[in-house]
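So the structure is just underneath, and the comments pick up after that.
Chain naming here is simple, since letters A, B, ... match the order of the sequence lines and numbering starts at 1 in each.
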Number of protein chains: 2
Amino acid sequence: MISESSRRRISESTVRRLSLYYRILSVLEKENQATVSSKELARREKLTPAQVRKDLSFFGSFGTRGLGYPVCELKKRIGEILGLNRTWNIALIGVGNIGSALVGYKEFQRQGFHIKLIFDNDQRKIGSNHKGITVSDIKNLGKELRENNIEIVIVAVPATVAQYIVDDVVKAGIKAILNFAPINLKVPEDVFLRNENMSMELEYLSFARINLYNDLGTRIRSIQLFE
Amino acid sequence: MISESSRRRISESTVRRLSLYYRILSVLEKENQATVSSKELARREKLTPAQVRKDLSFFGSFGTRGLGYPVCELKKRIGEILGLNRTWNIALIGVGNIGSALVGYKEFQRQGFHIKLIFDNDQRKIGSNHKGITVSDIKNLGKELRENNIEIVIVAVPATVAQYIVDDVVKAGIKAILNFAPINLKVPEDVFLRNENMSMELEYLSFARINLYNDLGTRIRSIQLFE
DNA sequence: TTGAGAATGTGAATTCATTCACAAAAGACA
DNA sequence: TGTCTTTTGTGAATGAATTCACATTCTCAA
Ligand SMILES: NC(=O)c1ccc[n+]([C@@H]2O[C@H](COP(=O)([O-])OP(=O)(O)OC[C@H]3O[C@@H](n4cnc5c(N)ncnc54)[C@H](O)[C@@H]3O)[C@@H](O)[C@H]2O)c1
Ligand SMILES: NC(=O)c1ccc[n+]([C@@H]2O[C@H](COP(=O)([O-])OP(=O)(O)OC[C@H]3O[C@@H](n4cnc5c(N)ncnc54)[C@H](O)[C@@H]3O)[C@@H](O)[C@H]2O)c1
């Protein structure tokens, strides 16, 4: 049992790096490499070895001094931490441009993220088949989410209706939502919401491109501006 | 001319928040709100007012004490900083599931991100038309990127070939790349690379879902684990 | 015109994340 | 078995980001 006093906060960046480590360990496992050092992991993700060791140390001691980390075991352990050694039932809401792309993405399936339900409000789409899944009417959202033990919902509807949809999703008891609509959704404290915002990434590139080169086309070391 | 001594580093998080402010200011502009306080901006994005003021203060003093920030002017100013008051010529490589979704996305166009070229290596796709753009043969990549003044490239090809594609993109002189392949691409120091990794977001939700609830289904305040 | 209230802009304080640096542990090999 | 090398695990040190706190400046209403 986890007691209040024995807790340690894990930062978002640490969790994101765990995903990176997991991906590399999968590659190394395929290459039949038995062990890997923090130095090697760091090199592959452009991090410092200390960072790698610190990240892993939050969860225990998995390595052997003088040798490194056992690839398979560490992968398994990180998989457990991230919840990847099980399957998650996922529902997709909105099967338009982006929604259709996600349904066809095999990598999710391989990682244990199973899209089990698809919802839309377009009569032409309801009842049609996408990769073996029949599109449900959004009207039955709550009922079907509960009946199918859905734990994660992906929202891919227009921004204008995203908040209403999310309100219903929350009402159905869902605690984890991945949102593609470029809007700041309001959810209760106990619901995890992640936003996938592609425009923001393009804006970052745009900013970098403008601000990080001087007049000679030479790169400035870091993002810096006038005093 | 920017001198070494008069520089100040802008953090990645600050730039990302500028995108958020920009989006809200666009909404407020439509609602004809003349001014907005840091408190109001903070409330809308779940930040602190101090954070908002500090972010903006890196770029100058745009506000009026006792009143707040002028909505239109601040939006314009942030637009300038992010490079949104101009157009960017973009090329998309790989018009599969995700690539097709991006081509049809009007929001990019509206923000000044114009997809001008599409590349693929599939003979059935080359020459076909997507939203008015004829798909080019990947063989002509370098030549066409240069001839069309492309500044940003979006990579939406399978992970297995992404590195080769990116190598060619870099050779063509492109300095900004948005990558959808779930792989750690190597690019020279002077090239900006952003990764859009949806699996990682799902993994984060998975982690949160597992680690942030105790046995009673009650949320733990923050991500915390055993000592 | 004035005074109360509002909100900015910014150093200082604090909190959080990363890196350093080294003792301790294990392997390799004579 | 002993010594040399490698590499972990982790407190301490550093560095970065956020928040605090308040002097300053402006608005607005009377
Ligand atoms: N297409 C992209 O490349 C892209 C990129 C970034 C973000 N987005 C965002 O993702 C979301 C979806 O984009 P898209 O391009 O797929 O749009 P789309 O219009 O192609 O698809 C939206 C889908 O949602 C359905 N829908 C609409 N209202 C609904 C409701 N009330 N209940 C259930 N379903 C409903 C529509 O029938 C449609 O199938 C948007 O918010 C968009 O801003 C899209
Ligand atoms: N589909 C999704 O929802 C999704 C989600 C996250 C990440 N991704 C990633 O995005 C990338 C694209 O995914 P997708 O589902 O669209 O795949 P896809 O197979 O549907 O599309 C890939 C496209 O790239 C083209 N291509 C292949 N080799 C090429 C080459 N050498 N030069 C030019 N074009 C080439 C193919 O012809 C195809 O049109 C992949 O790396 C995938 O992992 C996809």
Side-chain angles (χ1 to χ4, degrees), chain A residues 6-18 20-21 25 28 33-71 73-74 77-78 81 204 221-227, chain B residues 6-21 24-25 28 33-71 73-74 77-78 81 204 221-227:
Chain A
S6 68
R7 284 199 193 124
R8 192 177 276 175
R9 204 182 175 285
I10 306 299
S11 75
E12 175 172 330
S13 359
T14 292
V15 179
R16 294 183 67 84
R17 283 192 299 267
L18 287 185
L20 297 179
Y21 304 149
L25 289 165
L28 295 175
Q33 195 170 315
T35 60
V36 65
S37 65
S38 58
K39 199 171 152 197
E40 168 72 2
L41 280 174
R43 190 185 59 73
R44 298 220 183 196
E45 288 294 346
K46 295 221 195 80
L47 303 167
T48 63
Q51 177 85 85
V52 174
R53 294 201 299 276
K54 178 73 69 176
D55 282 339
L56 297 177
S57 78
F58 288 130
F59 303 94
S61 301
F62 311 122
T64 306
R65 289 167 194 228
L67 190 63
Y69 300 90
V71 170
E73 207 181 304
L74 183 60
R77 198 66 194 83
I78 294 180
I81 293 164
Y204 190 93
R221 195 168 301 274
S222 56
I223 305 178
Q224 289 166 328
L225 293 172
F226 278 109
E227 186 87 350
Chain B
S6 67
R7 283 198 194 126
R8 192 175 278 177
R9 201 181 176 287
I10 305 300
S11 75
E12 176 173 330
S13 0
T14 293
V15 178
R16 295 183 65 84
R17 283 192 298 267
L18 287 185
S19 289
L20 298 179
Y21 304 149
I24 295 200
L25 289 165
L28 295 175
Q33 196 170 314
T35 60
V36 64
S37 66
S38 57
K39 199 171 153 198
E40 169 72 2
L41 279 173
R43 191 187 57 75
R44 296 219 182 198
E45 288 295 346
K46 296 221 196 81
L47 303 167
T48 63
Q51 177 86 83
V52 174
R53 293 200 300 275
K54 178 74 68 177
D55 282 340
L56 297 178
S57 78
F58 288 130
F59 302 94
S61 301
F62 311 122
T64 307
R65 288 165 196 229
L67 190 63
Y69 300 91
V71 171
E73 205 180 304
L74 183 60
R77 197 67 194 82
I78 294 180
I81 294 164
Y204 190 93
R221 194 168 302 274
S222 57
I223 304 178
Q224 289 167 328
L225 293 173
F226 278 109
E227 187 85 352

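Between the CD atom of B:Gln51 and the P atom of C:dT10 there is a distance of 16 Å, rounded to whole Å. Rounded to an integer number of Å, the gap from A:Phe62 CZ to D:dT8 P is 13 Å. Nucleotide D:dG9 holds its P atom 17 Å from the NZ atom of A:Lys39, rounded to whole Å. Whole-Å rounding puts the A:Asp55 CG to D:dG9 C1' distance at 13 Å. As a whole-Å value, the separation of A:Arg77 CZ from D:dT8 C1' is 17 Å. Straight-line distance from the CG atom of A:Leu56 to the P atom of D:dT8: 9 Å, rounded to whole Å. One atom, CZ of A:Arg17, and another, C1' of C:dT18, lie 8 Å apart when rounded to the nearest Å. Here the P atom of nucleotide D:dT8 and the CZ atom of A:Phe59 are 17 Å apart, to the nearest Å.
Note on A:Thr14: nothing from the nucleic acid sits closer than 4.0 angstrom, heavy atoms only.
Among B:Val36, B:Ile78, B:Leu74, the one residue that satisfies the side chain to side chain contact (heavy atoms under 4.5 Å, CB included) test with B:Tyr21 is B:Ile78.
With B:Glu45 contributing its side chain and B:Leu47 its backbone, the two residues share no donor-acceptor pair below 3.5 Å. Side chain of A:Thr64 to backbone of A:Leu67: no donor-acceptor contact under 3.5 angstrom is found.
Counting only heavy atoms from C-beta on, A:Lys54 has its side chain closest to C:dT19 among C:dT18, D:dT8, C:dT19. Distance from the side chain of B:Ser13 is smallest for D:dT18 among the nucleotides C:dT19, D:dT18, D:dT19.
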Take nucleotides 21-30 of chain C nucleotide by nucleotide from the 5' end and write B, S or -, depending on whether a protein heavy atom sits under 4.0 Å from the base, only from the sugar-phosphate, or from neither. B-BBBB----

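An OP1 or OP2 oxygen of C:dC16 is reached within less than 4.0 angstrom by no side-chain nitrogen or oxygen of A:Ser11. The phosphate of C:dA7 (OP1 or OP2) has no side-chain N or O of B:Ser38 nearer than 4.0 angstrom. The phosphate of D:dT6 has neither OP1 nor OP2 within less than 4.0 Å of any side-chain N or O from A:Tyr69.
Counting non-hydrogen atoms of other residues, nucleotides and ligands closer than 6.0 Å to CD of A:Gln33 gives a total above 12.
Between B:Ile10 and B:Leu18 there is no side-chain heavy-atom pair separated by less than 4.5 Å. Looking at A:Thr14 and A:Phe59, their side chains come closer than 4.5 Å, going by heavy atoms from C-beta outward.
Contacts of A:Arg43 classified as salt bridge (charged side-chain N to carboxylate O under 4.0 Å, His left out), with partners at least two apart in sequence or in another chain: A:Glu40.
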